[in-house]
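Small disclaimer: the values here were computed from a predicted structure and weren't measured. For ligands, and for the atoms within them, numbers begin at 1 and follow the listed sequence.
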Amino acid sequence: MKPAVLVARAVFPEVLDKLAQHFEVSSNQDDVLWTPTELAQQLQGQQGVFTTGSQRIDAALLAACPDLKICANMAVGYNNFDLDAMTEAGVLATNTPDVLTETTADFGFALLLATARRISESEHFLRAGLWNHWRYDLFAGAEVHGRTLGILGMGRIGQGIAKRGAFGFGMKVIYHNRSRLDDATEATCQARWVSKEELLRNSDHLMLVLPYSAASHHSIGQLELAQMKHTATLVNIARGGIVDDAALAAALRTGQLAAAGLDVFEGEPVVHPDLLACHNVVLTPHIASATQPTRLAMAQLAADNLIGFLLHGKPLTPLNPQVLAA
Ligand code: 8YV
């Protein structure tokens with residue numbers, strides 16, 4: 001008998017077809033957002049689950065789903081997983097690194113440019129029929145090329161952004177990360193490690209690319225915003241909760257910070273009403289990895305993790321490989 005797997009959100013039909021070659025597949029092509037209790041009900045008798053960032057996998061869910069052996073996340077971030085609880089329960093966790101790195105770095109730069117050069121704001125002005133004459137300072141924004149790009153979090157995506165800034169835009173790149181990159185990687189990215197305080201003070205454009213955890217919650221709040229240049233741009237493509245959205249909206253409203261570009265939000269898909277009221281923020285609905293080929297590659301990798309583990313005991317990108325050894 002084939003193992004049973006649940007695909008918890010809508011996904012590419014070809015990925016479902018691939019899974020169906022190996023598993024009894026239950027899917028959710030209507031994309032119903034199940035409550036944790038409903039998810040636990042759907043998981044009864046399932047050995048594997050294909051998740052996205054919106055399914056929380058924690059000790060309570062695992063206790064209610066004794067047949068579950070693997071959760072394959074279609075995301076590089078995995079803050080929806082309680083990894084310790086999964087390891088404790090002997091449940092494997094996998095994510096989708098690498099396949100989205102360059103696409104997400106492209107989007108980070110797109111958001112930086114749109115924000116600094118006021119692209120959304122000026123388009124709204126034009127569409128509203130308000131453009132009736134040229135003016136020397138009409139939507140004059142911040143310079144990007146040659147300025148200082150700060151990066152908080154310097155994993156694969158941060159390094160992709162550093163290279164775009166250094167080699168594409170002639171920017172001076174500084175970064176802060178708990179662990180410093182080795183000299184060769186720093187040279188490849190043309191990036192210099194600085195303290196968080198120096199990063200906040202010196203960045204003309206600050207990009208957030210660090211993973212979310214209890215330790216990174218509100219890494220950028222009122223105190224950090226107060227240390228930044230009044231002319232600076234802040235871009236968050238990492239996770240909601242890394243920025244204190246209420247404090248950011250206040251800084252944008254008072255002119256303490258010039259502009260922000262946000263792809264992720266605290267409590268998304270709900271967006272803080274004070275941010276919606278700000279003209280100097282570009283808001284996008286968590287689409288940094290959203291190109292057709294990249295989303296397909298992410299879904300294929302999540303599926304391959306289910307196949308690799310449940311059929312051959314060899315997942316491609318495990319997060320808690322201790323489970324395999326046990
Ligand atoms: C996902 C992301 O699309 O990979 C991540 O961590 O944030 C996005 O690329 C999103 O999390 C849905 O799973």
(message) Once you measure the plane-to-plane angle for F139 and F125, does it fall in the parallel (<30°), tilted (30-60°) or perpendicular (>60°) bin?
(response) perpendicular
(request) Please determine which of T96, N80, N305 meets the side-chain hydrogen bond (donor to acceptor under 3.5 Å, both in side chains) test together with N73. (result) N80
(message) Could you list the cluster mates of V270? Members are the ILVMFWY residues connected by side-chain heavy atoms closer than 4.5 Å, either directly or through other members.
(response) none
(message) Apply the hydrophobic cluster definition, ILVMFWY joined by side-chain contacts under 4.5 Å directly or through others, and give me every member besides W34.
(response) L6, V32, L39, L43, V49, I57, L61, L62, L68, Y78, F81, L83, M86, V91, L319
(request) Only one of K172, K229, R147 passes side-chain hydrogen bond (donor to acceptor under 3.5 Å, both in side chains) with D204; say which it is. (result) K229
Using a 3.5 Å cut-off on N/O to N/O, what pairs does ligand 1 make with the protein? A line per pair would be great.
residue: ligand 1; atom: 3 (O); partner: S289; partner atom: OG; Å: 3.3
residue: ligand 1; atom: 3 (O); partner: R295; partner atom: NH2; Å: 3.3
residue: ligand 1; atom: 4 (O); partner: V76; partner atom: N; Å: 2.8
residue: ligand 1; atom: 6 (O); partner: V76; partner atom: N; Å: 3.4
residue: ligand 1; atom: 6 (O); partner: G77; partner atom: N; Å: 2.8
residue: ligand 1; atom: 6 (O); partner: R239; partner atom: NH2; Å: 2.8
residue: ligand 1; atom: 7 (O); partner: R239; partner atom: NH1; Å: 2.7
residue: ligand 1; atom: 7 (O); partner: R239; partner atom: NH2; Å: 3.4
residue: ligand 1; atom: 7 (O); partner: H286; partner atom: NE2; Å: 2.7
residue: ligand 1; atom: 9 (O); partner: S289; partner atom: OG; Å: 2.6
residue: ligand 1; atom: 13 (O); partner: G53; partner atom: N; Å: 3.2
residue: ligand 1; atom: 13 (O); partner: M74; partner atom: O; Å: 2.9

(message) Quick test of your reading: applying salt bridge (charged side-chain N to carboxylate O under 4.0 Å, His left out), list the pairs with at least one residue in residues 294-309, sequence neighbours left out, ordered by first then second residue.
(response) K18-D304
